[in-house]
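The structure appears right after this line, and notes come after that.
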Amino acid sequence: MEFIVVGAPRSANANPRSRRRWRERVARAARERLWEEDGPTAHDVAVFIVYFYQGETTLDVDNIAKSLLDGLKGVLFRDDQQVSEILIRKSRFSAGLSLIGASLYLLDAIERMSQAGSDFVYVRADPAPDHSRIP
């Protein structure tokens, strides 16, 4: 499952009102991409997060995950304790950016957001990997 959230992520250190609005935006974006009959999974998941920004950013990658995962509680998974693996990136982007292995959904989002001049966060959730193997 993959989705985008328009705008810059809110740090876990942001003011409570800003964090709440971000969590609501994350939950809404995830719900729009989930099938109606799908509810929160009971299984462990791996989450891949990329913050795509234009210009400059001072946001640290370690501050991106907390508020985003809190927004997915009760939507994608029952509790964020189910996240057994996470990969977070931040990447500057522009129209025409070429990414190896990117889905058509992500490439379309890059094109639309670069034309709109909007930062965004790409989120992909997959079943948790086999943890007996070290990558």
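Quick caveat: nothing in here was measured; it's all calculated off a predicted structure.
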Review point. Checking side-chain hydrogen bond (donor to acceptor under 3.5 Å, both in side chains) for the pair Gln82/Thr41: CA distance, chi angles, key distance, verdict?
Key: CA-CA 9 Å; Gln82 292 170 252; Thr41 184; 5.1 Å; no
List the atom pairs, donor and acceptor, that lie under 3.5 Å between side-chain atoms in residues 68-81 and the rest of the protein, sequence neighbours left out.
from  : atom 1 : to    : atom 2 : distance (Å)
Asp70 : OD1    : Lys66 : NZ     : 3.3
Asp79 : OD1    : Gln81 : N      : 2.8

Point to revise | Set of residues satisfying side-chain hydrogen bond (donor to acceptor under 3.5 Å, both in side chains) with respect to Arg124, sequence neighbours excluded | key: Asp126
Review point. Any side-chain heavy atom of Val123 within less than 4.5 Å of one from Val26?
Key: no
Review point. Heavy atoms, side chains only, cut-off 4.5 Å: are Phe48 and Arg89 in contact?
Key: yes
Review point. What residues form a side-chain contact (heavy atoms from CB on, under 4.5 Å) with Ala46, not counting sequence neighbours?
Key: Glu85, Pro129
If you look only at distance, which donor and acceptor atoms sit under 3.5 Å apart when one is on a side chain in residues 49-61 and the other is two or more places apart or in another chain?
from  : atom 1 : to     : atom 2 : distance (Å)
Tyr51 : OH     : Asp119 : OD2    : 2.9
Gln54 : NE2    : Met113 : O      : 3.4
Glu56 : OE1    : Arg92  : NH2    : 3.4
Glu56 : OE2    : Arg92  : NH2    : 3.3
Thr57 : OG1    : Leu59  : N      : 3.2

Practice item. Could you please spell out the steps behind the side-chain contact (heavy atoms from CB on, under 4.5 Å) verdict for Ile88 and Asp62? Key: CA-CA 8 Å; Ile88 308 167; Asp62 62 324; over 6 Å; no
Check your understanding: Which residues satisfy the salt bridge (Lys or Arg N to Asp or Glu O under 4.0 Å) test with Glu24, sequence neighbours excluded?
Key -> Arg20
Revision key, fill the gap. Rounding to 0.5 Å, atoms OG (Ser91) and OH (Tyr122) come to a distance of 12.5 Å
Point to revise | Nearest heavy-atom neighbours spanning Ser84 and His131 | key: OG-NE2, 3.0 Å
**Study point:** CA sep, side-chain torsions, deciding dist, call: Arg10, Ser18, side-chain hydrogen bond (donor to acceptor under 3.5 Å, both in side chains)
**Key:** CA-CA 7 Å; Arg10 298 305 181 265; Ser18 179; 3.1 Å; yes
Revision key, fill the gap. Applying salt bridge (Lys or Arg N to Asp or Glu O under 4.0 Å) to Arg112 and not counting sequence neighbours gives Asp108
Review point. What closest approach, in Å, do Ser67 and Arg19 show between heavy atoms, and which atom pair accounts for it?
Key: OG-CD, 3.6 Å
Point to revise | Distance in Å, Arg28 CZ paired with Phe3 CZ, rounded so as to fall on 0.5 Å steps | key: 12.0 Å
